[in-house]
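Worksheet: one structure, shown below.
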Amino acid sequence: MLMLITLLGLSCLGLPIGVAMISAAIVYLGASGQDMSIAAEQVLNGLNGSYVLLAVPLFIFSAGLMNAGSLTDRLLRFCDLLVGRFRGGLGHVNIVQSVIFAGMSGSAVADAAGSGKVQIDMMTKGGVYPPSYAAAITAVTAVIGPIIPPSIPMVLYALVADASIGYLFLGGVIPGLLMALAQMGINSWMAHRNNWPIAEKVPLREVPRLTAEALPALLMPVILLGGIYGGVMTPTEAAAVAAAYAWLIAAVFYRSLTLRQTWNAIVASARSTAAIGMLIAGALALNYVITSENVPNTVRAILAGWDLSQWQFLLLVNIILLVLGCLMEGSTILLIVVPVLVPAAQALGVDMVHFGVMVVVNIMLGLVTPPYGLLLFIVAKLSNQPLMAVVRDTMPFLLAMVAALLVITYVPELVLWLPRQLGYQG
């Protein structure tokens, strides 16, 4: 109780959640008569002993390089070539660009913050799309980023659930595309309902040039996934390759990245990594407390007493995570709440790759769920629109994505089919 009071109290006072978790763990250790240096020991052992965590700063850095260079603009022009000719075409461009960018960054916030302003300006130019709608679709499309590989949340899930990152990455491909289809369906419905005009088709003579310009950027997901599943590199090594490749094509091939922009990307990545690192450090200290108090087994025993079936358990997990997503930051849920649920899921025979993808989709929906949805605040600021107007236009997309989440939850083959084609035995 002292630990929980400390955690909630310091969080409400505005202390960073990572620091609040470390402080709460120290309070627990002191109250229980244990050596308080155990908190530092858990943090150091957890951070130094986890090779997989190196992927986090490297994916953040690669996303920063792509946003600093001109990759986003070239991808947008290529996406306009693919889907811009349909009614609601610029909305479709926004969605397809996020799908492609998802194969490079692994971060929803990097997607929205990096290309969001360009996408919103592109959609509102000429007054065709309402600014609040442009902001809303930019927020919901960024959700796809960490579902389609590579994915920073999946790296964190692999850390707490001891699951295979490679198979988690594969498992996210079809669910991510399903999310994109759900979003395109809502965008088409809105476009026909409001009779938004059809954009001019890209001239045929422009097709080779636009494709050639976008090709180096489009090759990044192919190189990463091919290297991982071909056995050439681990996911962590793939993150390093992603950063090097992003710098190479932005600075050398496109000649659009200066030394100052590279330095700014390094600094921004270091800050983001430090913030995530503190969060992971706090979770490592707090997880020691959770393990000491035998919380996962207690929760498993309680759920066993309820005699839940597998589908009832998954529904309960979805409800818990969606509610928590309205109130808490996603990484906090992933690092504190999910480890408590994993043993119960394993006891019920839930596949850990399927469970991980379902959890990540839940957490991503929390980014566009009021009142805490971080992406809503980002796009509202980028578009200079009232938050409530953005939330209103987000609701149809959110309902469609919740429906897609239920399909992902109860049709596990959508997640597991691709991993099984490459040898997954789960």
Side-chain angles (χ1 to χ4, degrees), residues 83 88 91-103 106-108 111-112 133 136-149 151 153-154 157 168-191 193 310-326 330 333-334 338 345 350-351 353-370 373-376 379 391-419:
V83 295
H92 293 319
V93 168
N94 199 325
I95 296 167
V96 174
Q97 188 269 345
S98 291
V99 170
I100 296 174
F101 200 79
S107 168
D111 193 348
Y133 180 81
I137 195 171
T138 300
V140 297
T141 57
V143 165
I144 300 172
I147 301 173
I148 295 177
S151 167
M154 285 183 185
Y157 172 82
L168 280 167
F169 281 4
L170 277 177
V173 173
I174 295 177
L177 295 176
L178 179 63
M179 284 286 185
L181 287 174
Q183 293 171 0
M184 293 181 83
I186 295 297
N187 182 63
S188 294
W189 173 66
M190 292 293 292
R193 180 185 176 190
Q310 190 180 104
W311 78 266
Q312 289 172 325
F313 170 76
L314 293 176
L315 179 62
L316 178 63
V317 170
N318 277 328
I319 293 171
I320 290 171
L321 295 181
L322 287 172
V323 171
L324 289 176
C326 298
I333 299 172
L334 193 56
V338 172
V350 178
D351 184 88
V353 170
H354 174 229
F355 189 68
V357 172
M358 186 194 83
V359 164
V360 169
V361 172
N362 264 291
I363 289 171
M364 290 305 101
L365 293 185
L367 292 173
V368 290
T369 307
L374 180 59
L375 290 177
L376 297 176
V379 298
V391 170
R392 181 195 64 225
D393 287 337
T394 301
M395 285 300 106
F397 291 99
L398 186 58
L399 293 174
M401 291 191 293
V402 169
L405 170 62
L406 291 175
V407 174
I408 293 165
T409 300
Y410 293 113
V411 187
E413 281 304 310
L414 281 175
V415 176
L416 299 176
W417 179 81
L418 197 53

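Since this is a predicted model, take the numbers as computed values, not measurements. All values below come from the heavy atoms of this structure, side chains included, with hydrogens, waters and symmetry mates left out.
Note on ring orientation: taking the six-membered ring where Trp is involved, the planes of Phe355 and Phe313 are parallel (angle under 30°, cut-offs 30° and 60°).
Annotation: ring-ring contact (aromatic ring centres under 6.0 Å, His included) contacts of Phe397 (sequence neighbours excluded): Tyr133. For the side-chain contact (heavy atoms from CB on, under 4.5 Å) test, residues two or more places apart in sequence or in another chain that qualify with Asp351 are Val353, His354, Leu416, Tyr424. Leu181 meets the side-chain contact (heavy atoms from CB on, under 4.5 Å) test with no other residue; sequence neighbours excluded. Scored by the side-chain hydrogen bond (donor to acceptor under 3.5 Å, both in side chains) test, Asp393 finds Ser132 as partners (sequence neighbours excluded).
Considering every non-hydrogen atom in both Leu334 and Pro153, the closest pair reads CD2-O, 3.2 Å. Of all heavy-atom pairs spanning Pro370 and Leu376, the tightest one is N-CD1, 3.9 Å. Looking at every heavy atom in both residues, Pro175 comes nearest to Leu414 through CD-O, 3.9 Å. In this structure, Ile95 and Thr141 approach most closely via the heavy-atom pair CG1-CG2, 3.3 Å. Of all the heavy atoms in Gly172 and Met154, the pair that sits closest is CA-CE, 3.9 Å. In terms of heavy-atom proximity, Pro419 sits nearest to Gly171 at CG-N, 3.7 Å.
The side-chain hydrogen bond (donor to acceptor under 3.5 Å, both in side chains) pairs that include a residue from residues 398-410 are Asn318-Thr409, where partners are two or more places apart or lie in different chains. The stretch residues 171-186 participates, sequence neighbours left out, in no side-chain hydrogen bond (donor to acceptor under 3.5 Å, both in side chains) pair at all.
A side-chain contact (heavy atoms from CB on, under 4.5 Å) with Leu314 is found for exactly one of Ile319, Leu406, Val350, namely Val350. Here the options are Val99, Val361, Leu177, the test is side-chain contact (heavy atoms from CB on, under 4.5 Å), and the partner is Ile144; only Val99 passes.
With rounding to the nearest 0.5 angstrom, the CD1 atom of Ile137 is 5.5 Å from the CG atom of Asn94. Note that CD1 of Ile363 and CD1 of Ile333 are 5.5 Å apart. Values are rounded to the nearest 0.5 Å. Note that CD1 of Ile174 and CD of Glu413 are 9.5 Å apart. Values are rounded to the nearest 0.5 Å. With values rounded to the nearest 0.5 angstrom, Met364 atom CE is found 10.5 Å from Met179 atom CE. Expressed to the nearest 0.5 Å, how far CG of Leu399 lies from CD1 of Ile186 amounts to 8.0 Å.
Side-chain atoms of Ser151 do not come within 3.5 Å of backbone N or O of Ile147 as any donor-acceptor pair.
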Exercise for the section: Tell me, with the steps shown, if Leu322 and Leu405 meet side chain to side chain contact (heavy atoms under 4.5 Å, CB included). Expected result: CA-CA 11 Å; Leu322 287 172; Leu405 170 62; 4.3 Å; yes

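For the pair Ser188 and His92, the minimum side-chain heavy-atom distance is below 4.5 Å.
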